[in-house]
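We count ligands from 1, going down the list as the structure has it; atoms in each ligand are counted the same way. Throughout, numbering of the chain's residues begins at 1 and tracks the sequence.
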Amino acid sequence: MTTIFTKIIEKQIPADILYEDEKVLAFKDINPQAPVHFLVIPKKEIATTNDISEQDDALVGYMHRVAAKVASDLGVAQQGFRTVMNCNEHGGQTVYHIHLHVLAGKPLGWPPYTDVLKLE
Ligand code: AMP
């Protein structure tokens with residue numbers, strides 16, 4: 001399934017690109033949720049975390065290394081950052097091409113949701 005992120009990869013629509021190589025792309029989130037908020041995506045189309053296969057293990061690990069590298073380039077790695085990959089409806093996923101959110105630039109609250117936690 002092709003999404004808006006494939007159009008960004010193919011440069012059909014613009015993005016504020018922070019890093020690119022043959023396997024991944026990192027770009028600023030258009031609707032930032034922290035002072036620093038960028039996404040790391042694989043160029044391979046993988047819809048959700050549920051669709052990651054064994055052959056993608058190295059690619060998904062590499063996405064984390066690129067997240068740390070770009071965070072370092074932006075000067076926020078040492079103070080720290082949060083990586084998030086939302087999956088499907090309950091995870092809040094809206095774009096069905098896996099992406100690592102990288103949030104940084106201030107202390108981030110935990111737990112990350114704002115609704116009341118009910119354990120039943
Ligand atoms: P998720 O809700 O986890 O699927 O995250 C999708 C993210 O993609 C959201 O944070 C959006 O703000 C972001 N997004 C959607 N379209 C674009 C775009 N054209 N450029 C940059 N970020 C985008």
A.B. asks: Any idea which residues sit under 4.0 Å from ligand 1, heavy-atom distances?
C.D. replies: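 Within the 4.0 Å shell of ligand 1, which is judged on heavy atoms, sit I4, F5, I8, F27, K28, D29, I30, N31, L39, N86, G92, Q93, T94, V95, H99, H101.
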
A.B. asks: Given T2, which partner from the list H97, E10, E45 fulfils the side-chain hydrogen bond (donor to acceptor under 3.5 Å, both in side chains) test?
C.D. replies: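 Output: one option passes, namely E45.
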
A.B. asks: If you look only at pairs with a residue in residues 13-58, which of them pass as a ring-ring contact (aromatic ring centres under 6.0 Å, His included), with sequence neighbours excluded?
C.D. replies: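 As it turns out, the ring-ring contact (aromatic ring centres under 6.0 Å, His included) pairs with a partner in residues 13-58, which skip direct neighbours, are F5-F27, H37-H101.
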
A.B. asks: NZ of K7: more than 12 outside heavy atoms within 6.0 angstrom?
C.D. replies: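 No, because the 6.0 Å sphere around NZ of K7 holds 12 heavy atoms or fewer from other groups.
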
A.B. asks: Could you tell me whether E20 atom CD has more than 12 heavy atoms of other residues or ligands within 6.0 Å of it?
C.D. replies: yes

A.B. asks: What residues, two or more places apart in sequence or in another chain, satisfy side-chain contact (heavy atoms from CB on, under 4.5 Å) together with T94?
C.D. replies: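 Checked T94 against side-chain contact (heavy atoms from CB on, under 4.5 Å); zero matches.
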
A.B. asks: Can you list every ring-ring contact (aromatic ring centres under 6.0 Å, His included) pair that touches residues 59-96, not counting sequence neighbours?
C.D. replies: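 Listed by first then second residue: nothing to list.
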
